[in-house]
Protein chains: 2
Amino acid sequence: MNRPPTKSVKAYPLPLKGNPGRTREEHSQETALDYAELIAELISTTGAARVTELARRLGVTHVTVNRTIQRLQRGGLVRTRPYHSILLTGAGWKLSEESRRRHEIVVGFLKSIGIPDAVARSDAEGMEHHVSKKTLAAFVKHLKRRGLHKPSR
Amino acid sequence: MNRPPTKSVKAYPLPLKGNPGRTREEHSQETALDYAELIAELISTTGAARVTELARRLGVTHVTVNRTIQRLQRGGLVRTRPYHSILLTGAGWKLSEESRRRHEIVVGFLKSIGIPDAVARSDAEGMEHHVSKKTLAAFVKHLKRRGLHKPSR
DNA sequence: CCCAAATTGTAGCGTAGGCTACAATTTGGC
DNA sequence: GCCAAATTGTAGCCTACGCTACAATTTGGG
């Protein structure tokens, strides 16, 4: 009776999402980047990356951090010893630097269009993983045009 | 021996992430928005929102779509009948419109800084859920200043 | 030096969201 | 009107990532 117009929809050439659904790996990689960046920051600023501090900064319990760190270790990004600071491997450092660069560009860009520092940092946190290379390049270009490269900090 | 400087780190007043870790709910809500927006679009353009088409557009299998739709139904956003088109409830429509508005602002903004349409749409897909009200407002302001409000489409 | 507090680790549970394999239903061509 | 193909639904498995509760280890104050 009130059957939807199935037939007429059949051959629609509607575009697929540019982002074909974050596959498992992609999403997992976002977490890895966040952790790597934060671990690097903690080591730089405090000399150690500790589970409790990571948990506090990420807003999760230490249990979640612990399990994630184990996964990162399986992936070769960090090394750990029980009850000691988390250490980044070469690959981990590389990743953290890529992430940091990207993060700073996004923050700098948001601030350049008048967004307050705190908001810019907060928003960038989630946005940065969804900014393509082309868009990142556009951000950089925008910053350069305004003589704001490198950002603030 | 090589114990990290635990003591000295104790009282660091390092800032928490502005985003205190996407709680379960937040993340779940992102999915709901994506689905609601896409369902609305499909209904508008083709007259029906069908599981297979959603799956194709989202880049996942129909099984994943089906389970998610069941969750949305539990949440009162959609109504379904077996083997029929998915329908949006009032709440679902409202959500889809909020999502659509936000999406268009982000896309419009990205395009306004020189990013190609396809890239802008793709990036906006992921970014839109991480743009705060303040940043969204800044985007709108930026667009208005350039007389580009409403965006393209 | 010892013992309480802090930190870290582990066990086990729940949901979200991917998947394959297979069953049920609908659609459409013949 | 039938039967194959397409669509939709269901069962069951996996990982990610939240959590609480509890165990193990380290740290530091007395």
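Below, chains carry the letters A, B, ... as their sequence lines are ordered, and counting in each starts from 1.
Positionally, the nearest nucleotide of DNA chain D for A:Arg71 lies more toward the 5' end than for the other of A:Arg71 and A:Pro82. Nearer to the 5' terminus of DNA chain D, by closest-nucleotide assignment, is the contact made by B:Thr52 (compared with the other of B:Thr52 and A:Thr68). For the pair B:Arg74 and B:Thr61, both in contact range of DNA chain C, the more 5′-proximal nearest nucleotide belongs to B:Arg74.
What separates CG of A:Leu54 from P of C:dA6 is a distance of 20 Å, to the nearest Å. D:dT15 atom P lies 18 Å from atom CD of A:Gln29, rounded to whole Å. Rounded to whole Å, the distance from CD on B:Glu30 to C1' on C:dT15 is 15 Å.
A donor atom on one side chain and an acceptor atom on the other are not found under 3.5 Å apart for A:Ser99 and A:Ser96.
Across A:Arg102, A:Arg101, A:Arg100, a single residue satisfies side-chain hydrogen bond (donor to acceptor under 3.5 Å, both in side chains) together with A:Glu104, and that is A:Arg100.
When all heavy atoms are compared, the tightest approach of B:Leu136 to B:Ile105 is CD1-CG2, 3.8 Å. Annotation for B:Ile69 and B:Val78: closest pair O-CG2, 3.8 Å, computed over non-hydrogen atoms. Closest approach of A:Lys111 and A:Ala120 over heavy atoms only: CG-CB, 3.7 Å.
The side chain of A:Gln70 places no N or O atom within less than 4.0 Å of a non-bridging phosphate oxygen (OP1 or OP2) of C:dG9.
The side chain of B:Asn66 lies closest to D:dT8, out of D:dC17, C:dT7, D:dT8. The nucleotide whose nearest atom lies closest to any side-chain atom of B:Val51 is, among D:dG9, D:dC19, C:dA16, D:dG9.
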Sub-3.5 Å pairs of nitrogen or oxygen atoms, protein against nucleotides 21-25 of chain D:
{"residue": "D:dA24", "atom": "N3", "partner": "A:Tyr83", "partner atom": "OH", "Å": "3.1"}
{"residue": "D:dT25", "atom": "O4'", "partner": "A:Tyr83", "partner atom": "OH", "Å": "3.1"}

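Taking only distance into account, the side chain of B:Arg67 never meets the base of D:dG9 through a donor-acceptor pair shorter than 3.5 Å.
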